[in-house]
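Along the sequence shown, the residues carry numbers beginning at 1. Counting starts at 1 for both ligands and their atoms, in listed order.
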Amino acid sequence: MKITVLYYSKTGTTKEMGEKIAEGIKSVEGAEVKVFSLDEVDEAWIMESKAVIMGTPVYMADMCGAMKMWFETTGKKYKLAGKIGGAFATADYIHGGGDISVQNILKNMMVYGMLTYSGGGSYGKPVIHLGPVAIKGVHEESYETFNIYGERFAKKVLEIFG
Ligand SMILES: Cc1cc2nc3c(=O)[nH]c(=O)nc-3n(C[C@H](O)[C@H](O)[C@H](O)COP(=O)(O)O)c2cc1C
């Protein structure tokens with residue numbers, strides 16, 4: 001079962017956290033994952049993916065412009081409708097807009113007809129409300145949460161499409 005992690009990253013933090021999610025996905029038997037930056041994708045892999053998780057640095061308390069542009073233009077060609085979507089973000093501040101960014105990515109995914117999943121509070125700790133957010137500089141503290149998010153996400157994708 002193919003899963004895509006797609007990110008934009010200027011200074012590497014969002015990329016790093018996307019890779020932590022991918023580690024969690026890989027730990028689930030039957031799940032395969034590839035991680036791409038927005039401008040270097042394997043188009044066939046995305047098309048064949050049952051799920052796409054997108055990650056952004058927070059810019060101006062929102063997803064970065066490149067990601068918003070992706071939704072407005074490039075995203076159309078990947079036949080996203082019906083795939084499961086998830087979102088994560090990295091920011092400088094806990095009050096900097098991480099949740100808003102995640103929420104807005106999920107909203108854009110819904111416009112394409114994607115089904116969105118967060119894990120929510122159903123599994124207990126770590127509780128992930130909308131999607132994981134890491135704070136640059138102390139982002140290592142969130143490795144485990146991002147790992148677990150990936151694992152939960154992959155299990156849900158297999159449950160729905162397996
Ligand atoms: C143009 C710009 C705007 C930013 N705006 C915010 C913001 O509103 N809130 C915040 O917490 N961090 C903000 N940041 C910080 C980044 O979100 C943060 O450093 C992020 O982890 C960088 O991700 P990257 O290493 O993947 O590029 C901004 C950074 C830039 C360059």
Side-chain angles (χ1 to χ4, degrees), residues 2-28 31-43 45-46 49 51-78 80 83-112 114 116-121 125-154 157:
K2 292 186 173 67
I3 297 176
T4 295
V5 175
L6 199 54
Y7 66 86
Y8 176 85
S9 187
K10 203 168 171 189
T11 56
T13 320
T14 314
K15 175 176 194 272
E16 194 176 327
M17 299 316 287
E19 283 161 357
K20 292 294 156 197
I21 291 174
E23 280 175 22
I25 293 171
K26 277 182 206 151
S27 73
V28 177
E32 300 174 277
V33 62
K34 284 191 181 177
V35 183
F36 307 112
S37 72
L38 280 186
D39 52 1
E40 278 180 69
V41 300
D42 173 342
E43 296 197 344
W45 184 274
I46 301 184
S49 290
V52 180
I53 299 173
M54 297 189 61
T56 183
V58 175
Y59 283 1
M60 310 304 287
D62 205 337
M63 77 177 92
C64 66
M67 189 149 284
K68 183 74 171 89
M69 188 59 80
W70 187 92
F71 277 112
E72 291 176 13
T73 56
T74 321
K76 288 188 181 80
K77 65 178 174 188
Y78 295 119
L80 295 169
K83 297 186 195 298
I84 302 185
F88 66 100
T90 73
D92 277 356
Y93 310 106
I94 52 167
H95 54 277
D99 264 0
I100 298 171
S101 305
V102 167
Q103 187 178 7
N104 284 342
I105 291 174
L106 297 176
K107 183 183 69 181
N108 278 266
M109 288 174 159
M110 289 171 77
V111 173
Y112 275 126
M114 296 179 76
T116 59
Y117 183 66
S118 67
K125 289 190 177 168
V127 174
I128 298 165
H129 286 89
L130 301 177
V133 177
I135 304 303
K136 184 176 173 177
V138 290
H139 54 282
E140 292 89 350
E141 291 173 10
S142 300
Y143 279 175
E144 193 186 359
T145 296
F146 277 61
N147 232 278
I148 291 170
Y149 171 77
E151 189 184 328
R152 289 175 183 172
F153 204 94
V157 174

- Query: Looking only at N/O atoms, are Gly12 and ligand 1 under 3.5 Å apart anywhere?
  - Reply: yes
- Query: Would you call the rings of Tyr149 and Phe153 parallel, tilted or perpendicular, where under 30° means parallel and over 60° means perpendicular?
  - Reply: tilted
- Indicate yes or no: at least one non-hydrogen side-chain atom of Ile21 is less than 4.5 angstrom from one of Phe88. yes
- atom 2 (C) of ligand 1: nearest protein contact (heavy atom, Å): Tyr59 CD1, 3.5 Å
- Would one find more than 12 heavy atoms of other residues, nucleotides or ligands at under 6.0 Å from atom NZ of Lys83? yes
- Message: Please list the nearest protein heavy atom to atom 28 (C) of ligand 1 with its residue and the distance rounded to 0.1 Å.
- Response: Val58 O, 3.3 Å
- Message: With heavy-atom distances below 4.0 Å as the criterion, list the atoms of ligand 1 near Thr90.
- Response: 17 (O), 20 (C), 21 (O), 22 (C), 23 (O)
- Item | Sub-3.5 Å N/O-N/O distance, Lys10 and ligand 1 | yes
- N/O separation below 3.5 Å, Ala61 to ligand 1: yes
- Should we count CD of Glu140 as having more than 12 external heavy atoms under 6.0 Å? yes
- Message: How far is atom 22 (C) of ligand 1 from the closest protein heavy atom, and which atom is that?
- Response: Pro57 CB, 3.7 Å
- Message: I need the atoms of ligand 1 closer than 4.0 Å to a non-hydrogen atom of Thr14, numbered in the order shown.
- Response: 23 (O), 24 (P), 26 (O)
- Can you tell me if CD on Glu141 sees more than 12 non-hydrogen neighbours from other groups inside 6.0 Å? no
- Query: So Tyr78 and Trp70, would you call those rings parallel, tilted or perpendicular, with 30° and 60° as cut-offs?
  - Reply: parallel
- Message: For atom 9 (N) of ligand 1, which of the options Ala91, Gly96, Ser9 provides the nearest non-hydrogen atom?
- Response: Gly96
- Close-contact set for ligand 1 against Met60 heavy atoms, below 4.0 Å: 3 (C), 4 (C), 5 (N), 6 (C), 7 (C), 8 (O)
- Could you list the residues that satisfy side chain to side chain donor-acceptor pair (under 3.5 Å) with Lys77, not counting sequence neighbours? Glu43
- Quick one: does Asp92 get an N or O within less than 3.5 Å of an N or O on ligand 1? yes
